[in-house]
Amino acid sequence: MHKDIEIKSEFLRVLSSRGFIHDCTDIKGLDSQQCINKKLIAYVGYDATAQSLHVGHLVNIMMLRWLQKFGGQPITLIGGGTTRIGDPSFRSEERPILSIRNINSNVVSLRTIFNKYLNYKNEPNKALMVDNESWLTELNYLEFLRDFGKHFSINRMLSFDSVKTRLDREQSLSFLEFNYMLLQAYDFLELNRKFNCSLQIGGSDQWGNIVSGIDLIRRISNKHAFGLTSPLITTADGKKMGKSHGKAIWLNPKLLSPYEFWQFWRNTDDSDVTRFLLLYTELPYDDCIKYGALKGQQINDAKILLANQITELCHGKTASMKANTTAVKVFQHGEIDFNLPTQRISLNELKPMITISQLLIKSGLVSSGKEAKRLIAEDGARYNDKLITSPNLQLTEKDFKSPIKLSAGKKRHVLLKLETDQ
RNA sequence: GGAGGGGUGGCAGAGCGGUCAAAUGCAACGGACUGUAACUCCGUCGGGGAAACCCUACAUAGGUUCGAAUCCUAUCCCCUCCA
């Protein structure tokens with residue numbers, strides 16, 4: 001594979017050495033083209049299935065950052081149109097169909113994310129933001145089938161792993177979903193025509209869709225386009241990157257506070273540190289290797305560095321430093337810090353009093369009274385760092401003079417604050 | 001349209017008239033050990049209640065039975081094969 005090939009261009013060398021490359025449709029061709037023309041134009045597409053992207057998506061954004069750094073031009077495509085269909089690749093069942101309203105609001109929210117990572121302002125290689133809704137909704141069914149549908153072979157499409165698993169498992173694949181590939185292929189063609197975009201970057205699960213686009217470009221425009229996929233990033237325990245404790249690690253601070261974001265990285269598995277430093281930070285290669293190789297207690301310093309770097313990139317220097325200080329206070333000194341996730345509670349809710357179980361539910365640390373009781377029985381619940389021994393402990397307004405810190409286990413802490421407004 | 005198979009907890013998957021809030025595995029949660037790690041070990045894992053106990057759940061709606069996830073009927077959904 002690409003490892004055996006002498007890569008000449010700086011951009012691809014960096015990507016390759018840092019572990020970004022899973023596969024490429026033509027690494028040699030892409031490399032030599034890169035050497036001649038620095039201004040490679042590449043795109044990554046994201047469907048608007050949620051309000052935010054999560055850390056799993058960050059890998060491809062980092063790739064675009066490197067691209068821009070080396071003079072290339074990144075295009076971020078938001079799939080306002082394709083989200084209406086839903087990508088079936090490697091999905092075991094059909095995605096729930098989102099309402100147009102829902103999609104539109106997701107699109108708006110997603111647009112705000114990229115500014116932190118890519119430069120959309122300064123020429124000559126400023127990033128572009130596009131939404132495939134603008135051309136996909138224009139398509140006419142009959143024309144589309146005649147002009148493009150004829151270039152797609154069903155036999156070929158069925159042979160892609162992305163749908164094969166679904167078919168092998170005897171799960172239905174609807175015609176709607178089956179069309180997703182054509183639309184994504186068309187996106188690539190459109191960007192190729194309009195902006196001369198010649199590279200599509202995506203996760204390895206996107207291989208089939210990307211290759212289809214390349215084929216379409218060749219057939220329609222007789223041009224040679226490229227595809228580059230990143231490996232599916234998993235954590236050491238084999239889980240897909242992007243979730244922790246069932247919760248997604250969102251990039252949008254409205255959905256996940258910088259403190260919690262920082263904690264996620266701070267809790268990285270030892271064996272993931274090097275990989276993550278390479279993928280998610282821009283520290284020099286040698287430093288990443290050096291820090292990742294630290295042993296024992298010392299590797300914690302590497303994790304802190306990792307957390308600081310990524311949080312700074314995603315949420316800014318101030319937020320990152322705050323998260324770090326909070327962690328020191330909470331974990332090393334067992335103090336209360338106002339930067340901890342905070343829940344507000346209204347005066348009404350504690351009239352005349354409220355049980356500690358109810359408060360635990362309010363805080364979001366547990367989801368039911370039974371769970372609260374269980375947690376307390378297991379000696380896992382703390383109130384201002386004191387062990388809670390009875391689920392019937394009652395609190396009143398007096399106890400809320402200053403915010404209350406509730407903890408579940410050693411790591412999850414929430415502040416409860418009395419609503420101060422009228 | 002026809003024939004057959006199937007829908008069980010977050011997922012996978014047992015159970016096929018009572019002992020079923022439902023085996024087992026995974027995931028999750030708490031504890032011990034540690035380094036805010038991993039491994040390992042222990043415990044928990046539908047909801048309400050201080051508790052006795054009560055409520056809701058095995059696709060949906062009815063029925064048979066002292067008793068139903070388990071039997072019957074209808075409906076919906078999925079899969080396979082045939083047309």
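Letters A, B, ... are given to chains in the order of the sequence lines, protein chains preceding strands, and every chain is numbered from 1. Basis for what follows: all heavy atoms, side chains included, without hydrogens, waters or symmetry-related copies.
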Should the side chain of [X] and the base of [N] be counted as holding a donor-acceptor pair, with the cut-off at 3.5 Å?
X        : N     : value
A/Gln263 : B/U36 : yes
A/Lys411 : B/G30 : no
A/Glu378 : B/G43 : yes

Any [X] side-chain nitrogen or oxygen under 4.0 Å from OP1 or OP2 of [N]:
X        : N     : result
A/Lys410 : B/A32 : yes
A/Arg374 : B/G47 : yes
A/Arg412 : B/C29 : no

What is the distance, rounded to the nearest whole Å, between atom [atom1] of [X] and atom [atom2] of [N]?
X        : N     : atom1 : atom2 : value
A/Leu387 : B/G31 : CG    : P     : 9 Å
A/Leu375 : B/A28 : CG    : C1'   : 13 Å
A/Asp379 : B/U44 : CG    : P     : 14 Å
A/Ile376 : B/C29 : CD1   : C1'   : 14 Å
A/Leu365 : B/A28 : CG    : P     : 18 Å
A/Leu305 : B/G35 : CG    : P     : 21 Å
A/Lys303 : B/U36 : NZ    : C1'   : 8 Å
A/Asn267 : B/C29 : CG    : P     : 11 Å

For [N], which nucleotide is its Watson-Crick or G-U wobble mate, given both distances must be under 3.5 Å?
N     : answer
B/A14 : none
B/C76 : B/G7
B/U36 : none
B/A28 : B/U44
B/A57 : none
B/C81 : B/G2
B/C71 : B/G63
B/A21 : none

Taking A/Ser134's backbone N and O only, do any of them form a donor-acceptor pair with A/Asp131's side chain (distance below 3.5 Å, no angle check)?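 Looks like no, no N/O pair under 3.5 Å.
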Under 4.0 Å, heavy atoms only, any strand: does [X] hit a base, just the sugar-phosphate, or nothing?
X        : answer
A/Asp269 : sugar-phosphate
A/Trp265 : nothing
A/Gly409 : sugar-phosphate
A/Asp270 : base

Salt-bridge contact A/Asp337-A/Lys322 (side-chain N to carboxylate O under 4.0 Å): no
Salt bridge present between A/Arg275 and A/Asp272 (N-O < 4.0 angstrom):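 A/Asp272 and A/Arg275: salt-bridged.
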If we take the P atom in both B/C72 and B/U64, what is their distance in whole Å? 15 Å
State which of [options] makes the closest approach to the side chain of [X].
X        : options             : value
A/Phe331 : B/A50, B/U36, B/C29 : B/U36
A/Lys370 : B/G48, B/C29, B/A37 : B/G48
A/Ser368 : B/U36, B/U44, B/G48 : B/G48

Before we go on, tell me: are the rings of A/Phe114 and A/Tyr120 under 6.0 Å apart, centre to centre?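 So the answer is no for these two rings.
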Would you please indicate yes or no on a ring centroid separation below 6.0 angstrom for A/Trp250 and A/Phe261? no
Does a donor on one side chain sit under 3.5 Å from an acceptor on the other, for A/Asn308 and A/Trp262?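 Side-chain D/A pair, A/Asn308 to A/Trp262: present.
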Would you say A/Glu133 and A/Asn104 are linked by a side-chain donor-acceptor pair, where the criterion is simply a distance under 3.5 Å? no
